[in-house]
Amino acid sequence: MQDATLKKTLGPLSLWGLGVGYVISGEYFGWNLGLPHGGSAGMLAATLVVTVMYAGFALAYAELACALPRAGGAFVYATRAFGSRVGALAGIAQVIEFVLAPPAIAMAIAAYVTQRYPTLDVRLVALAAYVVFTALNAWGVKQAAAFEILVTVLAVAELVLFAVIVLPHFDSAAFMREPLPNGWSGAFAALPFAIWFYLGIEGVANAAEEAANPQRDVAFGFGAALATLVTLALVVFFGAIGVAGWREIVFAPGSSEPSDAPLPLALAHVVSPSSPLYTLLLGVGMLGLIASFHGILLAAARATMELGRAGYAPRVLGRVHARSGTPRVALLVNMVLGSIAILSGRTADIITLSVLGALLMYVLAMASLFQLRRNEPALARPFRVPLYPWLPAVSFLVAVCCLIAVVWSAGFLSVAFLAMIGFGVALAGRRTARTGSL
């Protein structure tokens, strides 16, 4: 009942839906946690820098994904460019990103649910979401992708409706209230949360192996998804903060704990929380979180599966169920790890660790682009990043600077991240030492 072949069932619309769906929860929560560090001005500066980085990165990653359409993403590219040691490092960083992003999103889903049903246990709701959407992913990639497109379209529509409701109430004085609570140094501390606006878009590459025509459709998926997300990020940023200031979407009334539901907090200044419209917006808004949660579970399973398929992790993780065409073992293992993270209850720390994994993976992926252009000029590249080498070079340098800034500001979490990377690479090396492949 098991093999290592994924079914080719995804078209361009599916890839756009996955690309937007992976990320769209970042418009709904997480980014607001950077506001106490950077304020409105510092967070805006961080967001603009990160947007430039992702514009170059997404186009460069599209070139790699079209040339090497494998589920492992950066793991495959770095291995091809630099060998198995650097490939293992990129693969572990990618797994950390994708495995730790869903627990943070699950906690946000639970925060939205408990806005309406406060007697429910937040962690139990988050764990229940993990079980339900892991099961949907295990059912089949075609069914999972169809569901992803549906909830993504609804989530985009809800953000448009949010903009229509709040933007007429935009107040520039409220937006610029406490613009730099920690000076411009706060913008550096805000970087991990600005990255949350776009984190996960690279998951399109992890679905390339399941694309019916990856050489044509993957580039479209990346480009269309990025354009959609940049527009939504700016609309949400100005709309939510401009209603009553950034503090009102970080801290719920009477609470000193940061909230995982900033958009409902903004809406409450415009629409009565007891009104049917507020309830509708709350329910539809949760679909954005579901879209990202469900989509990143899909990408995370492919990243974990590729490490197992290559022998850098237990081989059982590389199995694909013959009937469903999904990596069920990898899905189950990721669910267990995500559940442990949920039980820690530390959403901001989980986001930071996920961002550290993403940034390290971005740096290695961009370096792989340059190395492959140099080493394999004849490699078939159906899509080529425009303005090469300048655009990817700028993105690479910004990614390096962001990684340094996040490591500098994260403190102990950076040490924990390095420990996780070290453990993963050591485990990969031990497993492959018998065959001499690492």
Side-chain angles (χ1 to χ4, degrees), residues 25-40 42-43 46 100-130 162 166 174 177-182 186-187 189-197 199 236-237 240-241 243-270 273-274 278 281-282 285-286 288-289 292-293 338-356 406 409-413 416:
S25 69
E27 328 293 334
Y28 282 87
F29 90 108
W31 63 271
N32 64 309
L33 302 179
L35 291 167
H37 301 287
S40 54
M43 186 66 188
L100 290 184
I105 301 171
M107 290 296 289
I109 291 173
Y112 267 69
V113 172
T114 54
Q115 286 270 330
R116 180 56 66 188
Y117 304 103
T119 59
L120 294 177
D121 187 291
V122 173
R123 295 181 192 180
L124 286 180
V125 174
L127 291 172
Y130 240 109
F162 171 82
V166 300
R177 193 177 298 143
E178 294 184 87
L180 292 167
N182 297 297
L191 280 171
F193 307 100
I195 288 169
W196 197 247
F197 268 128
L199 185 138
V236 167
F237 185 86
I241 299 175
V243 169
W246 65 260
R247 286 191 177 274
E248 298 301 312
I249 61 168
V250 175
F251 305 106
S255 174
S256 60
E257 292 296 318
S259 172
D260 287 334
L263 301 195
L265 293 179
L267 281 170
H269 287 275
V270 180
S274 61
Y278 182 87
L281 290 168
L282 196 67
M286 196 168 66
L289 304 178
S292 287
F293 182 63
S339 298
I340 294 171
I342 285 172
L343 293 174
S344 74
R346 302 178 68 88
T347 303
D349 290 346
I350 294 169
I351 288 176
T352 300
L353 288 170
S354 180
V355 165
L356 283 167
V406 175
S409 63
F412 173 75
L413 287 175

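One is the number of the first residue; the rest follow in order along the sequence. For clarity, every value in this text was computed on a predicted model and none was experimentally measured.
The two residues Leu180 and Gly42 come nearest to each other via the heavy atoms CD2-N, 3.5 Å. Residues Glu27 and Val236 come closest through the heavy atom pair O-CG1, 3.3 Å. Residues Pro192 and Val355 share a closest heavy-atom pair of O-CG2, 3.3 Å. Annotation for Phe193 and His37: closest pair CE1-CD2, 3.8 Å, computed over non-hydrogen atoms. The two residues Leu413 and Leu356 come nearest to each other via the heavy atoms O-CD1, 4.2 Å. When all heavy atoms are compared, the tightest approach of Gly34 to Ala190 is O-CB, 3.7 Å.
The CG atom of Leu343 lies 9.0 Å from the CG atom of Leu124; values are rounded to the nearest 0.5 Å. Residue Ile241 holds its CD1 atom at 6.0 Å from OG of Ser40, rounded to the nearest 0.5 Å. Atom CG of residue Asp121 and atom OG1 of residue Thr114 lie 9.5 Å apart, to the nearest 0.5 angstrom. Atom OG1 of Thr352 sits about 13.0 Å away from atom CZ of Phe412, to the nearest 0.5 Å.
No side-chain donor-acceptor contact under 3.5 Å links Arg123 to the backbone of Ala110. Panel note: side chain Asn32, backbone Pro258; no donor-acceptor pair is recorded below 3.5 Å. No donor-acceptor distance shorter than 3.5 angstrom exists from the side chain of Trp246 to the backbone of Gly38, with no hydrogens or angles considered.
Using the six-membered ring where Trp is involved, Tyr130 and Phe293 have ring planes that are perpendicular, over 60° apart on the 30 and 60° scheme. In this structure, Phe29 and Trp196 have perpendicular ring planes: the angle between them is above 60°, well past the 30° mark.
The side chain to side chain contact (heavy atoms under 4.5 Å, CB included) with Leu35 is formed by just one residue from the set Met43, Glu178, Arg247; it is Met43.
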Walk me through whether Ile342 and Met107 qualify under side chain to side chain contact (heavy atoms under 4.5 Å, CB included). CA-CA 7 Å; Ile342 285 172; Met107 290 296 289; 3.8 Å; yes
For Ile249 and Trp31, what are the C-alpha separation, side-chain angles and deciding distance, and is it a side chain to side chain contact (heavy atoms under 4.5 Å, CB included)? CA-CA 10 Å; Ile249 61 168; Trp31 63 271; 3.5 Å; yes
